[in-house]
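One structure is given below, encoded as structure tokens.
Letters go in sequence order (proteins before strands), and every chain restarts at 1.
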Number of protein chains: 4
Amino acid sequence: MLDAAVEGFARYGYRSASMDDIAEAAGVSKPLVYQYLKSKDDLFTACIRRESAALVAAVRAGTEDADGLLPADRRLWNGLCAFFAHTAAHPHGWAVVHQQARTEGESFAREAAAVRAEIAELVTGLLGVAARDAGCADDALAEREVSGLAHALVGAAESLADWANAPRQEPPSARETAATLMNFCWAGMENLLKGSRWTPAP
Amino acid sequence: MLDAAVEGFARYGYRSASMDDIAEAAGVSKPLVYQYLKSKDDLFTACIRRESAALVAAVRAGTEDADGLLPADRRLWNGLCAFFAHTAAHPHGWAVVHQQARTEGESFAREAAAVRAEIAELVTGLLGVAARDAGCADDALAEREVSGLAHALVGAAESLADWANAPRQEPPSARETAATLMNFCWAGMENLLKGSRWTPAP
Amino acid sequence: MLDAAVEGFARYGYRSASMDDIAEAAGVSKPLVYQYLKSKDDLFTACIRRESAALVAAVRAGTEDADGLLPADRRLWNGLCAFFAHTAAHPHGWAVVHQQARTEGESFAREAAAVRAEIAELVTGLLGVAARDAGCADDALAEREVSGLAHALVGAAESLADWANAPRQEPPSARETAATLMNFCWAGMENLLKGSRWTPAP
Amino acid sequence: MLDAAVEGFARYGYRSASMDDIAEAAGVSKPLVYQYLKSKDDLFTACIRRESAALVAAVRAGTEDADGLLPADRRLWNGLCAFFAHTAAHPHGWAVVHQQARTEGESFAREAAAVRAEIAELVTGLLGVAARDAGCADDALAEREVSGLAHALVGAAESLADWANAPRQEPPSARETAATLMNFCWAGMENLLKGSRWTPAP
DNA sequence: GATGAATGAGCCTTCATTCAT
DNA sequence: CATGAATGAAGGCTCATTCAT
């Protein structure tokens, strides 16, 4: 039943998707929907939660390093691959979390922001690992700057997910997309960890 | 009058913002709104157009290089400064273009996509300049990869705009945010132009 | 200006014809309309009155017999010719009086009923003349029956007016239509004046 | 529920009758009306159809002659009795079909015209029977003239229906009204079938 | 005097939500 | 338990009507 709701919300938005249509698409009757979830609000929240959890779980699984053997960039790349693979496989869920949840009221937006924060924290953690591996001082980067970098990375990834999912003859694979993003950002990350910064030409 | 509409749409979304509320917020009566713009659709489109144009104009002005003296990275940084300054100064307009327009119907989404494409093209142009300045072969980067990089950059910028606008004690200045983003991405760009790539560790 | 109003009301009905459209069709601005006639109600009433008066005048002129020389049937025929000629020449006015005025509220309907009554009275008068000419007793026909006959004649005439105005290759002339109606009704009238009645076969 | 709609439309016209009022008069809520009939248009059409069908059925039943024993004038009289009885019993339905349907838009007018045509055809058929019974040649009357006579009869009947329904101390019975109409028209019909015509006095 | 600009009121329609079955 | 039937509340849009210019 949530599947139908997710598809409906993704396709038409929270307001434009009607409970009638969702119930019909789910093949059940409207009062049944209200028995499981008290209101449209709750239904939407449930959708967001389910899709968020699935996405975060996929990315987390991708970045995992059970044996402690992988370098940070490899783990980041794995996580990105998982991210792009998941968003490609679940476009409706991705649309709900990434687009719809952010546009309809504070409370939903908070849910979406939490996802972002969670993924950003994953990235932050990996940067910390990279820093340790590179032997940097813990305070080479200000906390705020790390936060900014993480958000930049997340945003770039989100944008590339949409770009990769756009209809095309040969859509790029998750690994290609992830490689593009690593090329885009990793050199800068390494530079920063080494203390080398870009500054505007004089 | 558009101001009120932009604020309403930004705050509540296209569907949830009611014409009554918009008119009241504008200090006029509903029929007057309909005299200027024939329908809610048209009103929303007008909002998108106005805010899009303002944003694109700001960024374009930032990247301009009348005397042909500036290096590409400086121009990009200027553009980013302009972008972050504009989104910080017009958060509602930014929300309309970046969030609302993309979630309610194909036709609005096309308007929003056009903005993205326009900015991505600006960035692409700057990459071309950078490539020329660095004496690279024209085909050092595949067209698709350039497109991906541009979208990654735009996405990172969008994400940082939201991040920078989030309520905080000392919000970062546009220049700080732009510097963070340059640090994030410019090293990778330069590497790519030099033919150096990131590849997953074996 | 009334012309435009009559056409508008005839074409779209009292409610559906908008003051904007009428004013535009008349080539003047709306406030000017309100200066001449205080409200839409008054405008409609004015239309009804003008068209009614024209129609009644035409028919009355037709039935007139200045020299007292014409027999009643001839005068009736003349009146019918005038009637069909007028309705054919002023279809919009006819539509306003005959159709629109009767469908929108009591007060307008009364105006329309007055026209009917006036014409019915004309007919009644002619029947009286015919009776006198035929040497009948004044009370050969009950008053109520005369009224019924007059309304039947008026209704038949109204119906034939619509029938004659319907789009056709060779629309019948007013004289043909009038002849059809005389054939239809005059024999019965004469019979009645002579005291001969139709009765259901046993 | 249609009853309330018919009454509302009859009293105020299609445009002026509001769905709120109709729903309230029906003792139900507005959305319920929309569950049964998709729009005001459809509701009005349904009213027209129902009332038309009832009227036509009543008249057709009246003119029927199962055993083939009745003369044409008797059948016509029976039909007229049925007609006047029905219009007297269902004044609102009669108003909808006869007045309102003809004044609001082509599509409704077509429905009303179809009813008229159907009744006119009934009458035409009876004239044919009368002609056969009287031993007339089939072409004694031109087709157009027959059509005109039928419309005249229908119009006279419609007019008398309104006349008979007008508020009065002793309203005439359907049989009286039908007799008045037969007196009005049948002698002329017979004359025409015999080839005798009214012509304007020289 | 004539008009562009403005509005209060109302109508058709829809939707999230709940009972009675 | 699951559902068809029903509704209160609102939203987009239009129109007759009036001022300030």
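Across the interface with DNA chain F, nearest-nucleotide mapping of D/Val28 and A/Val28 shows A/Val28 to be the residue nearer the 5′ end.
We find the CG-CD distance between B/Asp3 and B/Glu51 to be 7.5 Å, quoted to the nearest 0.5 Å. B/Leu55 contributes atom CG, which lies 11.0 Å from atom NE2 of B/His98 (distance to the nearest 0.5 angstrom).
Take C/Ser18 and apply the side-chain hydrogen bond (donor to acceptor under 3.5 Å, both in side chains) test, not counting sequence neighbours, and it matches C/Asp21. The ring pair (Phe, Tyr, Trp, His ring centres under 6.0 Å) search around A/His92 returns none, not counting sequence neighbours.
On the nucleic acid side, DNA chain F contacts chain B at distances under 4.0 Å to non-hydrogen atoms, with the end points of that region at F/dG11 to F/dC15.
Put simply, the side chain of C/Glu158 does not reach to within 4.5 Å of the side chain of D/Glu158, judged on heavy atoms. The closest side-chain heavy-atom distance from C/Phe9 to C/Lys40 is below 4.5 Å. Looking at heavy atoms from C-beta onward, D/Met19 lies in side-chain contact with D/Tyr34 at the 4.5 angstrom threshold. Residues D/Leu32 and D/Gln35 have side chains in contact (heavy-atom distance under 4.5 Å, counting atoms from C-beta outward). In this structure, the side chains of A/Gln100 and A/Thr103 come closer than 4.5 Å at one or more pairs of heavy atoms.
Shortest non-hydrogen contact noted between D/Ala95 and D/Ala10 is CB-CB, 3.9 Å.
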Applying salt bridge (Lys or Arg N to Asp or Glu O under 4.0 Å), run through D/Arg102 and C/Asp162 and close with a yes or a no.
-> CA-CA 12 Å; D/Arg102 301 175 75 183; C/Asp162 291 344; 3.3 Å; yes
List the steps and the verdict of side chain to side chain contact (heavy atoms under 4.5 Å, CB included) for C/Asp41 and C/Phe108.
-> CA-CA 9 Å; C/Asp41 249 62; C/Phe108 301 139; 3.5 Å; yes
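Less than 4.0 Å separates DNA chain F from no heavy atom of any residue of residues 43-52 of chain A.
In this structure, D/Tyr36 reaches the sugar-phosphate backbone alone: every heavy-atom distance under 4.0 Å involves primed, P, OP1 or OP2 atoms, never a base.
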Between protein and nucleic acid, restricted to nucleotides 13-15 of chain E and to nitrogen or oxygen atoms under 3.5 Å apart, what atom pairs and distances do you find?
residue	atom	partner	partner atom	Å
E/dT13	OP2	D/Tyr34	OH	2.6
E/dT13	OP2	D/Lys40	N	2.9
E/dT13	O4	D/Lys30	NZ	2.4

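Within the 3.5 Å criterion, the main-chain N or O of C/His86 finds a donor-acceptor partner in the side chain of C/His90.
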Could you summarise the pairing of DNA chain F as dot-bracket text, marking Watson-Crick and G-U pairs under 3.5 Å with ( ) or [ ] inside the strand and | across strands?
-> .||||||||||||||||||||
